[in-house]
Amino acid sequence: MAHDTRSDTLAGARNRPLAFPLGPGCGLEPHPAYARLREQPLARVRLPHGQDAWLATRYADVRTVLSDSRFSLAQAVGRDRPRTEAADWDQVGLMSLDPPGHTRLRSLMTKEFSARRVGRLAARARRAADELLDGVVAAGPRADLVGQFAVPLPLILNCELFGVPPGHSRFRDWVEHTLFASTVEELTAQTENWAERVTELLDLRRTDLGDDLLSSLVLAHDRDGTISEEELVALVVDLVAAGFVTVTGQIAASFYHLLIRPEALVRLAERPELVPMAVEELLRYVDLLDFTAPRYATEDVELGGVLVQAGEPVLTSLAAANRDAAVFTHADELVLDRAGAPHLGFGHGVHFCLGAHLARLELRAALEAALRRLPGLRLAVPEEDLRWRTGGIANGLQELPVVFDAQRSPAAGEGGPR
């Protein structure tokens, strides 16, 4: 058998792992080193805690890891997996399961997140965005688009989806504390309260079952026995993290990227029909997560010309994949009317984001309302003075100070929602 020179390169890579994460990038831009990493098939990385791993950065390789059943999330449970924090804990939610267990739990929620079901929230999303902007305009001409808009909008819609009263202070406090954890220690301390908070939330629904997501999950446990109590709690935690924390970050980051490109903001305001395409481009462009949960090879798999051996973990960088010039023309530019290959902002394969329809709806409602109601929108501070949050579930802005021309702001009903 001929000698495979790739094995020599691979052996060297195993002996020289790259310290990872790479460190903070510039704001919400991926670290510039990702461009270099995409020039090689896989990178061997060493995280601060846990075992070493492979890192996939190319679009094609990332799609494969996310969709190929030979790469398992469930295999990570119980292992000393690669991670950034010292603490480690096993979960039983969607992001720690493979089919058929994953299929069983996901099927309990598929109906609630279908395009038709989420579509019913469209009018509510537009109304909520306008109601929030009523307060912003009244208090203007200066505002914080994080605290006054990007945080409360997903919170209102999550309460609607969960069947929780919008004024339920315990739920609001929980999700906001989870969002604004700025260090690993703060986030770890907050997670210790999750089970208690979720149990309280579920008990609230048990006293008044309705046509909402939490009620259907409670019935699946209490009446049908198709989900355990531990799984029930873990699913709600997953829903809050994915449905609130990341959407809030995405809304704020989308405005940030438009605000530092005034010409793009003006163009979108003048051509609101571009908003749906702009939402997809912003989902591609924004870097909220450095890497995804490790997936373990269940057998030897050749990936991008590298042999990943059975039992080895692979991390994927969605941000790096979404800037792959082999797939996206002018990949490092924000192109509002981009067409072509689908982005990986919602993942891929069986773990494709369950709430993708809802997230798109919220982002569209936020952009359309703000572009209509906040004329002359611009940053209120120099870009270098913005403060970033990098120690929590997702990267993001702590606040986004803006000013706008309050005297020219139309009332909520003028012109109607676009």
**OP:** Can you sort out the partners of Gln250 under side-chain hydrogen bond (donor to acceptor under 3.5 Å, both in side chains), two or more places apart, ordered by chain and number?
**Re:** Ser254
Subject >> Residues in side-chain hydrogen bond (donor to acceptor under 3.5 Å, both in side chains) contact with Arg323, at least two apart in sequence or another chain >> reply: Glu29, Asp332
**OP:** For Arg271 and Asp337, run salt bridge (charged side-chain N to carboxylate O under 4.0 Å, His left out): C-alpha distance rounded to whole Å, both residues' side-chain angles, the deciding distance at 0.1 Å, then the answer.
**Re:** CA-CA 11 Å; Arg271 296 190 58 191; Asp337 55 356; 5.5 Å; no
**OP:** Verify side chain to side chain contact (heavy atoms under 4.5 Å, CB included) between Leu274 and Arg267, making sure each step is shown before the conclusion.
**Re:** CA-CA 9 Å; Leu274 292 179; Arg267 184 185 182 207; 3.9 Å; yes
Using a 3.5 Å distance criterion without hydrogens, assess whether the side chain of [X] forms a donor-acceptor pair with backbone atoms of [Y].
X      : Y      : result
Glu399 : Pro401 : no
Asp405 : Arg408 : no
Thr329 : Ala325 : no
Arg205 : Leu217 : no
Asp300 : Ala310 : yes
Asp224 : Thr226 : no

Under-4.0 Å salt bridge between [X] and [Y]:
X      : Y      : value
Arg206 : Asp203 : yes
Arg124 : Glu131 : yes
Arg126 : Glu368 : no
Arg295 : Asp68  : no
Arg38  : Asp61  : no

Original post:
Would Arg104 and Glu231 satisfy salt bridge (charged side-chain N to carboxylate O under 4.0 Å, His left out), going step by step from the backbone distance to the final call?
Top reply: CA-CA 11 Å; Arg104 172 178 59 85; Glu231 290 172 332; 2.7 Å; yes
**OP:** Decide salt bridge (charged side-chain N to carboxylate O under 4.0 Å, His left out) for Asp324 and Arg63; before the verdict, give the C-alpha distance in whole Å, the side-chain angles of both, and the deciding distance to 0.1 Å.
**Re:** CA-CA 12 Å; Asp324 191 339; Arg63 273 176 57 104; over 6 Å; no
Subject >> Nearest-0.5 Å distance that lies between atom CZ in Phe71 and atom OG1 in Thr316 >> reply: 10.5 Å
**OP:** Mind checking the SG-NE2 spacing from Cys353 to His348? Nearest 0.5 Å is all I need.
**Re:** 14.5 Å
**OP:** Provide the closest heavy-atom pair for Trp388 versus Gln398 in the form atom of the first, atom of the second, distance.
**Re:** O-NE2, 3.2 Å
Original post:
Just by distance, with hydrogens left out, do Thr298 and Ser72 show a side-chain donor and acceptor under 3.5 Å apart?
Top reply: no
**OP:** Look at atom CD of Glu263 and say whether more than 12 heavy atoms of other residues, nucleotides or ligands are closer to it than 6.0 Å.
**Re:** yes
Original post:
Would you call the rings of His343 and Phe346 parallel, tilted or perpendicular if under 30° counts as parallel and over 60° as perpendicular?
Top reply: tilted
**OP:** If a pair satisfies ring-ring contact (aromatic ring centres under 6.0 Å, His included) and one of its residues is in residues 269-300, list it, with sequence neighbours excluded.
**Re:** Phe20-Phe291, His257-Tyr285
Subject >> Charged tip of Arg378 within 45° of Phe404 ring normal and under 6.0 Å >> reply: no
**OP:** Starting from the C-alpha separation in whole Å, work towards a yes-or-no answer on salt bridge (charged side-chain N to carboxylate O under 4.0 Å, His left out) for Arg284 and Glu281.
**Re:** CA-CA 5 Å; Arg284 178 194 76 87; Glu281 173 67 347; 2.9 Å; yes
